[in-house]
K.L.:
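Attaching a single structure in structure tokens format; questions to follow.
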Amino acid sequence: MLDAAQRFLSVVSVMTEEDKSWAAVEAAGLFRQVLKTDPKSLEARRGLGTALVEGAGAPMEGIGMLTEILKEYPNDVETILRLGHFSVLSSQFSKAVDRFHQAISIDSSRSEVFFLLGDTWLKAGNQDSARVYFGLYRERLPSGMAKDSFDDWLEETLTKTN
């Protein structure tokens with residue numbers, strides 16, 4: 001059941017607003033069922049909080065749940081990243097930057113966090129800081145197509161924001 005809930009949640013970001021809400025509600029229901037049998041399940045608690053924010057109709061309740069998880073597990077990188085993501089969505093860029101730096105300080109091997117920092121700074125309108133973090137992300141990519149594709153994407157993205 002946890003896997004099914006995670007699958008519903010994983011497709012939320014690519015759906016239309018109407019379908020996004022449907023998938024988030026389905027995920028929330030499944031996470032609640034998991035929590036009935038395993039109330040301490042970190043994945044189910046994190047998933048329910050995320051689903052509530054993503055479209056299941058109770059964003060502040062979801063943020064509260066994620067914040068409570070972080071009080072209990074202050075080094076839970078997944079929860080930190082989700083809270084950072086939601087900070088970006090609500091244009092709270094400095095809070096997002098703080099969250100992403102917190103994630104890096106816990107686990108510096110998570111190269112995607114450097115991309116998230118670059119993206120956050122870009123959305124905040126600071127292209128210089130964005131370039132720094134995109135550069136750190138790029139350094140961690142394997143040579144070849146991955147770097148070439150990223151370079152193309154970055155050039156196109158930075159050109160659009162000028």
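What you see below is based on every heavy atom in this structure, not just the backbone, and it leaves out hydrogens, waters and symmetry mates. Note that the numbering runs from 1 along the sequence shown for the chain.
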K.L.:
Do you know which two heavy atoms are closest between Pro39 and Arg45, and how far apart they sit?
P.N.:
O-CD, 3.6 Å
K.L.:
In this structure, would Tyr73 and Leu48 fall into the same cluster of hydrophobic residues linked by side-chain contacts under 4.5 Å?
P.N.:
no
K.L.:
Write down the atom of Arg99, the atom of Ile80, and the distance for their closest heavy-atom approach.
P.N.:
O-CG2, 3.1 Å
K.L.:
Do Phe114 and Phe100 share a hydrophobic cluster (ILVMFWY, side-chain heavy atoms under 4.5 Å, transitive)?
P.N.:
yes
K.L.:
Just verifying a value: how many Å separate Glu68 CD and Leu70 CG, rounded to the nearest 0.5 Å?
P.N.:
10.0 Å
K.L.:
What residues, two or more places apart in sequence or in another chain, satisfy salt bridge (charged side-chain N to carboxylate O under 4.0 Å, His left out) together with Lys36?
P.N.:
none
K.L.:
Grab the two heavy atoms, one from Val53 and one from Pro59, that are nearest each other, plus how far apart they are.
P.N.:
CG2-O, 3.4 Å
K.L.:
Set out, in order, the CA-CA distance, both residues' side-chain angles and the distance that settles side chain to side chain contact (heavy atoms under 4.5 Å, CB included) for Asp76 and Arg46, then state yes or no.
P.N.:
CA-CA 10 Å; Asp76 182 35; Arg46 188 188 310 119; 3.1 Å; yes
K.L.:
With a 4.5 Å cut-off on side-chain heavy-atom distances among I, L, V, M, F, W and Y, is there a chain of contacts connecting Phe31 to Val25?
P.N.:
no
K.L.:
What distance separates Lys147 NZ from Glu139 CD, expressed to the nearest 0.5 Å?
P.N.:
7.5 Å
K.L.:
Answer whether the closest heavy-atom distance between the side chains of Thr67 and Met65 falls below 4.5 Å.
P.N.:
no
K.L.:
Any salt bridge linking Glu78 with Arg110? Criterion: basic side-chain nitrogen under 4.0 Å from a carboxylate oxygen.
P.N.:
yes
K.L.:
Is Lys123 paired with Asp119 through a side-chain N to carboxylate O contact shorter than 4.0 Å?
P.N.:
yes
K.L.:
Could you list the donor-acceptor pairs under 3.5 angstrom formed by side chains in residues 84-94, with sequence neighbours left out?
P.N.:
| unit_1 | atom_1 | unit_2 | atom_2 | d |
| --- | --- | --- | --- | --- |
| Ser87 | OG | Leu83 | O | 3.0 |
| Ser90 | OG | Phe86 | O | 3.1 |
| Ser90 | OG | Ser87 | O | 3.2 |
| Ser90 | OG | Gln92 | NE2 | 3.0 |
| Gln92 | OE1 | Lys95 | NZ | 3.2 |

K.L.:
At what distance, to the nearest 0.5 angstrom, does OG1 of Thr37 lie from CG of Leu2?
P.N.:
9.5 Å
K.L.:
Any idea which heavy atoms bring Tyr137 and Glu112 closest together, and the distance?
P.N.:
CE1-CA, 4.2 Å
K.L.:
Can you get from Leu116 to Leu66 by hopping between Ile, Leu, Val, Met, Phe, Trp and Tyr side chains that sit under 4.5 Å apart?
P.N.:
yes
K.L.:
If you round to the nearest 0.5 Å, how far is CG of Leu30 from CZ of Phe8?
P.N.:
6.0 Å
K.L.:
Between Leu81 and Ala103, what is the shortest heavy-atom contact and its length?
P.N.:
CD2-CB, 3.8 Å
K.L.:
Contact between Leu117 and His101 at the side-chain level, heavy atoms closer than 4.5 Å - yes or no?
P.N.:
yes
K.L.:
What is the distance from atom CD of Glu61 to atom CG of Leu52, rounded to the nearest 0.5 Å?
P.N.:
5.0 Å
K.L.:
Kindly work out whether a path of hydrophobic side-chain contacts (I/L/V/M/F/W/Y, heavy atoms less than 4.5 Å apart) joins Leu122 to Val97.
P.N.:
yes
K.L.:
Check whether any side-chain heavy atom of Trp153 sits under 4.5 Å from a side-chain heavy atom of Phe134, and report yes or no.
P.N.:
yes
K.L.:
Does the ring center of Phe115 lie less than 6.0 Å from the ring center of Tyr133?
P.N.:
no
K.L.:
Do you know the tightest heavy-atom contact between Leu9 and Ala27?
P.N.:
N-CB, 4.0 Å
K.L.:
With no hydrogens and no angle check, is any side-chain donor or acceptor of Ser41 less than 3.5 Å from a backbone partner on Leu35?
P.N.:
no
K.L.:
At what distance, to the nearest 0.5 angstrom, does CG of Leu42 lie from NZ of Lys40?
P.N.:
11.5 Å
